[in-house]
Amino acid sequence: MAQKTPQTEYDSPWKQMLQLYFEDFMRFFFPQTHAQIDWSRGFEFLDQELQQVVRDAELGKRLIDKLVKIYRVGGEESWLLIHIEVQSQEETDFPKRMFVYNYRIFDRYDRSVASLAILGDENIKWLPNRFGYELFGCTVDFQFPVIKLLDYQQRWKELETSRNPFATVIMAHLAAVQTSSDRLQRKQQKLVLVKRLYEQGLGRDDIINLFRFIDWMMTLPDQFELEFWQEYRDFEESKRMQYVTSVERSGIRLGLLEGIELGLELKFGVSSLGVMDEVSQIYDIEQLRKIKEGIKTATSIDELRQIYQSSTTENPSEN
């Protein structure tokens, strides 16, 4: 049976990188805004405030919306609302959501908010940057800056020479989209991107963080995954350094298994732990992440089983 390329999850790795490298994010995508921020005073992610606004707006679960408190040069406190629409599809209501979140924050907290957007879809013509309407002489016109990741395909050389971590983020994102149906090409491009981390002379922590992003975005079926790790280990040995090893990846797997076991016990009781005999035979990191997340919504063990048992019957051409 042909192996299926594991489903690429775009949201979580982007969210992690935004948390880890927010200043680099602003410097790369919005340099003019970056120059107006007093970074010496730090910044704060306002997760609770944004969660309240999302509940009020009733627009569904959003994984990558970040509200950040920063200080402008001169001392004024300001808020930035960052939207990252990274799924490879356009969303009809996106401009409306941008507008609703913005005015909800203003209404609840009496704060002026700058809304910024990153779009990772594949439609070059889709560039939503405003929302508005007019009725009886009353006009609403909300405009916001938008970055289109697809535009960077024409700036690849610039990405290759940049040391900003988000140059790597964009390269991995675009490569994941472009190789969704070509597993061999994905493996090859994944290895190129990982090697680039070392060639840039980055520090150990940055290499590990960016490696994890690439690994998370550019998922591979088992056979290609094994080939990738063998080629990667050979490369590490040639560089006489070991930053991201198969041992570390095994540690990630072990952590997921422990999380699944705890989740099962808390939700379904000790009697449910028998399913761990089956789950422990799974070595696909992304599949284990799905199972861990699936515990939140599953209403029975049989329903949870469907998450990993159905993977053997799905269309192998899916990414």
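Quick caveat: nothing in here was measured; it's all calculated off a predicted structure. Residues: numbered from 1 along the sequence shown.
- Closest non-hydrogen pair, Ala172 versus Phe213, comes out as CB-CE2, 3.8 Å.
- Ring to ring, Phe45 and Phe43 are close: their centroids are under 6.0 angstrom apart.
- In summary, of the residues considered (Lys190, Arg183, Lys187), a salt bridge (charged side-chain N to carboxylate O under 4.0 Å, His left out) with Glu225 occurs for Lys190 alone.
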For a quick test of your reading: what N or O donor-acceptor pairs under 3.5 Å do the side chains of residues 110-118 make, sequence neighbours left out?
residue	atom	partner	partner atom	Å
Arg111	NH1	Glu77	OE2	3.1
Arg111	NH2	Glu77	OE2	2.8
Ser115	OG	Asn102	ND2	2.8

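- When each of Leu149, Asn164, Ile82 is checked for a side chain to side chain contact (heavy atoms under 4.5 Å, CB included) with Phe29, only Leu149 meets the rule.
- Salt bridge annotation for Glu23-Arg27: present, with a cationic side-chain nitrogen under 4.0 angstrom from a carboxylate oxygen.
- Of all heavy-atom pairs between Leu202 and Arg163, the closest is CD2-NH2, 3.9 Å.
- Classified by interplanar angle (parallel below 30°, tilted 30° to 60°, perpendicular above 60°), the ring pair Tyr232/Phe235 is tilted.
- Between Arg305 and Glu278 there is a salt bridge, since a side-chain N of the basic residue sits under 4.0 Å from a carboxylate O of the acidic one.
- A donor-acceptor pair under 3.5 Å is formed between the side chain of Ser272 and the backbone N or O of Gly269.
- The CE atom of Met26 sits 5.0 Å away from the CG atom of Leu80 when rounded to the nearest 0.5 Å.
- The minimum heavy-atom distance linking Leu119 with Pro128 is given by the pair CD1-CD, 3.5 Å.
- Hydrophobic cluster membership for Phe106: none, as no Ile, Leu, Val, Met, Phe, Trp or Tyr side chain comes under 4.5 Å of it.
- Remark: Ala175 pairs with Gln189, Leu193, Met218 by the side-chain contact (heavy atoms from CB on, under 4.5 Å) rule, at least two apart or across chains.
- Applying the salt bridge (Lys or Arg N to Asp or Glu O under 4.0 Å) test to residues at least two apart or on different chains, the pairs with a partner in residues 125-135 are Arg130-Asp141.
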Working for ring-ring contact (aromatic ring centres under 6.0 Å, His included), residues Phe25 and Phe166
CA-CA 6 Å; Phe25 172 88; Phe166 279 91; 5.3 Å; yes
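- By the side-chain contact (heavy atoms from CB on, under 4.5 Å) test, Asp277 pairs with no residue at all, sequence neighbours left out.
- In this structure, Leu266 shares a hydrophobic cluster with Leu262, the cluster being traced through Ile, Leu, Val, Met, Phe, Trp and Tyr side chains under 4.5 angstrom apart.
- A pairwise comparison of heavy atoms in Leu159 and Tyr152 identifies CD2-CD2, 3.8 Å as the closest pair.
- Remark: the Tyr21 side chain and the Asn209 side chain contain an N/O donor-acceptor pair separated by less than 3.5 Å.
- Rounding to the nearest 0.5 angstrom, the gap separating the CG atom in Asp38 from the CD atom in Glu76 is 12.5 Å.
- Side-chain contact of Gln306 with Asp302: a donor-acceptor pair under 3.5 Å is absent, judged by distance alone.
- Nearest approach of Glu303 to Ala298, heavy atoms of both residues: OE2-CA, 3.6 Å.
- Taking the centre of each ring, Phe99 and Phe142 come in below the 6.0 Å mark.
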